[in-house]
Amino acid sequence: NGRTFFDYRNGAFLCEDCIEEGCREINGITLIALQKAEKGELDDNHQGTKKALKLLEYYILNRAEENLNSLSELNKICL
């Protein structure tokens, strides 16, 4: 398991050999939570889920220029 980076411009996850300028390293538990969510599974690691929600919120805010308050509220009340 190597380091994982997120490219906010393209919405892509990259390994450390493929990173470009502007990519940001993400925690492994964030990636696991997102992978489980994609499969419709709940992640038992609440920290990973919280980090995944923050990443999605940041991505949507910066790419779509939309602030989805529901993501931060979900992060507060559910976990």
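Everything numeric in this text was worked out from a predicted model, so none of it was measured. Along the sequence shown, residues are numbered consecutively beginning with 1.
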Worksheet item: Do F5 and E16 have side chains that get closer than 4.5 Å, going by heavy atoms?
Response: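 Answer yes - side chains close enough.
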Fill in: L42 vs K36 side-chain heavy atoms within contact, under 4.5 Å
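Counting from C-beta outward, L42 and K36 never come under 4.5 Å.
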Worksheet entry | Heavy atoms of other groups near E41 CD, more than 12 under 6.0 Å |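 More than 12 heavy atoms, drawn from other residues, nucleotides or ligands, come within 6.0 Å of this atom.
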Worksheet item: Between Y59 and N10, what is the shortest heavy-atom contact and its length?
Response: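 Smallest interatomic distance, heavy atoms only, reads OH-C, 4.3 Å.
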Worksheet item: For D43 and A33, which heavy atoms make the closest approach, and how far apart are they?
Response: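 So the minimum-distance heavy-atom pair works out to OD2-CB, 3.3 Å.
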Quick check for you: to the nearest 0.5 Å, what is the distance between [X] atom [atom1] and [Y] atom [atom2]?
{"X": "F6", "Y": "L14", "atom1": "CZ", "atom2": "CG", "answer": "9.0 Å"}
{"X": "R9", "Y": "D7", "atom1": "CZ", "atom2": "CG", "answer": "5.0 Å"}
{"X": "L34", "Y": "L55", "atom1": "CG", "atom2": "CG", "answer": "6.0 Å"}
{"X": "K50", "Y": "L53", "atom1": "NZ", "atom2": "CG", "answer": "8.5 Å"}

Would you give me the side-chain donor-acceptor pairs under 3.5 Å for residues 25-32, sequence neighbours excluded?
from: E25; atom 1: OE1; to: R3; atom 2: NE; distance (Å): 3.4
from: E25; atom 1: OE1; to: R3; atom 2: NH2; distance (Å): 3.0
from: E25; atom 1: OE2; to: R3; atom 2: NE; distance (Å): 3.0
from: N27; atom 1: OD1; to: I29; atom 2: N; distance (Å): 3.0

Discussion item. Centroid separation under 6.0 Å, is that true for the rings of Y58 and Y8?
Written reply: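 Yes, the ring centres sit under 6.0 Å apart.
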